[in-house]
Amino acid sequence: MSTPMVPPDAENKDSNEKELPHNASTQSTTRKEPPSRSSMWPLPSISVTRHPSGKFSPQTDERCFSYCSQTTRGRTEGREPSCRSVCFRRVFAHEVRTAIAHDDTLKAKAAQKDYGFPLPPEGQPNADSLSSPKSDDIRYWEEGWYLWTSRSRWATQERLDLMMWDLDHQDHWQRHKDDVQKQWDDYWAEHQRQTGEQIHGTPTAAGASNNIQLEGTPYPVDGQMLPKQEGKHPWQESTLIKLPPPLTPLLEPIHDLLEPSFKVLTTLQRSFESGAHAELAVRMWEKARTPDPFILASTVCRKMWEKWKEGPPDPDTTSDI
């Protein structure tokens with residue numbers, strides 16, 4: 001019997017009588033790949049990730065702990081809550097190295113000293129004064145750890161806001177506050193002068209209270225200067241020190257107190273080294289073996305016995321002074 005002839009195009013048709021492309025069989029053979037070894041034998045993999053360094057590093061550089069409490073009476077009278085805050089700040093090298101590049105006023109001093117961003121007022125040596133310290137006494141941020149503590153709620157809130165900024169932005173914010181404070185001091189001085197001229201003299205406390213009826217803030221609000229409010233600034237209740245703190249100021253009072261003792265111990269050491277104490281001990285031992293100590297003790301006892309037998313002195317024989 002004769003085998004029916006199959007046309008060439010029939011091989012490229014599927015069961016639905018759809019014509020397949022001529023290279024379909026070729027593509028099907030080339031797409032077949034052997035299974036990977038990882039799917040057959042899954043092995044643990046180790047991936048090494050290097051985090052970016054510098055200002056894009058994910059490393060934590062500051063941690064803050066705050067605790068606030070309030071009493072029932074304080075809530076009734078509207079008092080400020082009692083707060084305590086502690087922050088540990090780590091300053092990296094890249095933060096202080098770029099300080100001079102951002103500040104044109106410090107470039108001239110860079111050849112003499114490695115200046116940078118100045119510390120806030122609570123970190124300066126004369127933090128009790130509102131006036132800025134002298135240029136030679138200004139302390140600057142350095143690489144290392146810092147400890148910040150505060151008892152002010154406002155300082156704590158400002159500190160949390162400053163955690164979003166680097167030292168450059170913090171320095172600009174501090175300068176802005178200093179400018180506003182200076183403007184307000186000038187305004188308040190002019191206000192006091194005008195008040196004194198109106199009442200023909202220096203106003204007293206009672207007169208000042210009659211002239212000023214509003215309570216305000218030490219900063220301008222909506223472009224208007226409000227009356228000054230006497231009180232402590234938030235930074236006056238805060239402290240910023242570098243860790244570890246310098247031990248020289250702490251040891252100076254102790255050294256001054258123990259300086260006489262150091263001199264006595266130094267003299268005693270020299271006498272031991274020279275042999276004077278050994279010579280004194282030998283002479284005392286030789287003197288103790290002689291009858292002189294016994295004679296001295298007997299003479300003292302005899303004199304005391306005679307005085308005791310005589311009794312108290314006669315008041316008539318004593319002369320009046």
Side-chain angles (χ1 to χ4, degrees), residues 48-70 80-106 109-110 113-130 132-133 137-181 217-219 231-250:
V48 179
T49 305
R50 293 187 61 183
H51 295 288
S53 59
K55 61 181 180 180
F56 296 104
S57 174
Q59 190 173 2
T60 303
D61 62 355
E62 187 171 5
R63 296 183 186 274
C64 291
F65 306 91
S66 299
Y67 169 79
C68 295
S69 62
Q70 180 63 285
E80 291 285 340
S82 176
C83 296
R84 297 292 185 273
S85 301
V86 178
C87 292
F88 297 92
R89 173 73 160 95
R90 183 181 180 183
V91 179
F92 292 95
H94 70 272
E95 298 182 80
V96 294
R97 288 176 184 172
T98 58
I100 300 176
H102 290 278
D103 198 339
D104 296 335
T105 60
L106 300 178
K109 303 179 182 179
K113 187 178 180 181
D114 187 13
Y115 287 85
F117 297 117
L119 294 176
E122 60 266 25
Q124 299 298 338
N126 56 345
D128 295 334
S129 176
L130 289 177
S132 59
D137 299 336
I138 295 180
R139 295 179 181 177
Y140 296 87
W141 287 102
E142 299 177 359
E143 182 182 0
W145 286 92
Y146 286 85
L147 174 64
W148 182 85
T149 59
S150 180
R151 297 178 299 174
S152 173
R153 174 174 68 94
W154 302 105
T156 302
Q157 293 180 351
E158 182 184 22
R159 189 67 190 177
L160 296 179
D161 293 336
L162 292 178
M163 293 178 70
M164 298 186 298
W165 292 347
D166 55 6
L167 297 182
D168 188 13
H169 288 81
Q170 293 181 17
D171 181 60
H172 285 293
W173 168 248
Q174 185 60 44
R175 292 185 183 183
H176 171 70
K177 292 197 304 181
D178 294 340
D179 294 340
V180 172
Q181 183 65 43
T217 60
Y219 301 104
K232 287 186 176 181
H233 288 257
W235 58 264
Q236 289 180 325
E237 297 181 336
S238 306
T239 305
L240 179 65
I241 58 175
K242 194 177 187 303
L243 298 178
L247 298 179
T248 302
L250 300 178

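In what follows, residues are counted from 1 in the order of the sequence shown.
Taking both residues in full, the closest heavy atoms of Gly123 and Arg139 are given as O-CD, 3.5 Å, listed atom of the first, atom of the second, then distance. Arg153 approaches Cys83 most closely through the heavy-atom pair CB-SG, 4.0 Å. When every heavy atom of Pro120 is checked against every heavy atom of Trp141, the shortest pair comes out as CD-CZ2, 3.7 Å. Annotation for Phe92 and Glu143: closest pair C-CG, 4.1 Å, computed over non-hydrogen atoms. Across all their heavy atoms, Tyr140 and Gly116 have their closest contact at CD2-O, 3.0 Å.
To the nearest 0.5 angstrom, Cys87 atom SG is 7.0 Å from Leu160 atom CG. Here the CZ-OG1 distance, from Phe88 to Thr149, works out to 9.5 Å after rounding to the nearest 0.5 Å. Rounding to the nearest 0.5 Å places NE2 of His94 at 8.5 Å from CG of Leu167.
Sparse packing is recorded around CZ of Arg63, with 12 or fewer heavy atoms of other residues, nucleotides or ligands lying under 6.0 Å away.
Residues meeting the side-chain contact (heavy atoms from CB on, under 4.5 Å) test with Asp166, sequence neighbours left out: Asp168, His169. Under the side chain to side chain donor-acceptor pair (under 3.5 Å) criterion, Ser85 pairs with Ser66, Thr156, not counting sequence neighbours. Looking at residues two or more places apart in sequence or on another chain, you find a side chain to side chain donor-acceptor pair (under 3.5 Å) between Glu62 and Arg159. For Trp148, the side chain to side chain donor-acceptor pair (under 3.5 Å) partners are Glu122, not counting sequence neighbours. Scored by the side chain to side chain donor-acceptor pair (under 3.5 Å) test, Glu158 finds Trp173, Lys177 as partners (sequence neighbours excluded).
At least one side-chain heavy atom of Gln174 sits less than 4.5 Å from a side-chain heavy atom of Pro121.
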- Task: Verify side-chain contact (heavy atoms from CB on, under 4.5 Å) between Glu95 and Phe117, making sure each step is shown before the conclusion.
- Result: CA-CA 9 Å; Glu95 298 182 80; Phe117 297 117; over 6 Å; no

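A salt bridge does not link Asp179 with Arg175: every distance from a Lys NZ or Arg NE/NH1/NH2 to an Asp or Glu carboxylate oxygen is 4.0 Å or more.
Between the side chain of Gln170 and the backbone N or O of Leu162 there is at least one donor-acceptor pair closer than 3.5 Å.
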Taking distance alone, no hydrogens or angles, what donor-acceptor pairs closer than 3.5 Å link side-chain atoms of residues 53-61 to residues at least two apart or in another chain?
| residue | atom | partner | partner atom | Å |
| --- | --- | --- | --- | --- |
| Ser57 | OG | Gln59 | N | 3.3 |
| Asp61 | OD2 | Arg89 | NH1 | 3.4 |

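No hydrogens or angles considered: nothing links the side chains of Asp161 and Gln157 as a donor-acceptor pair under 3.5 Å.
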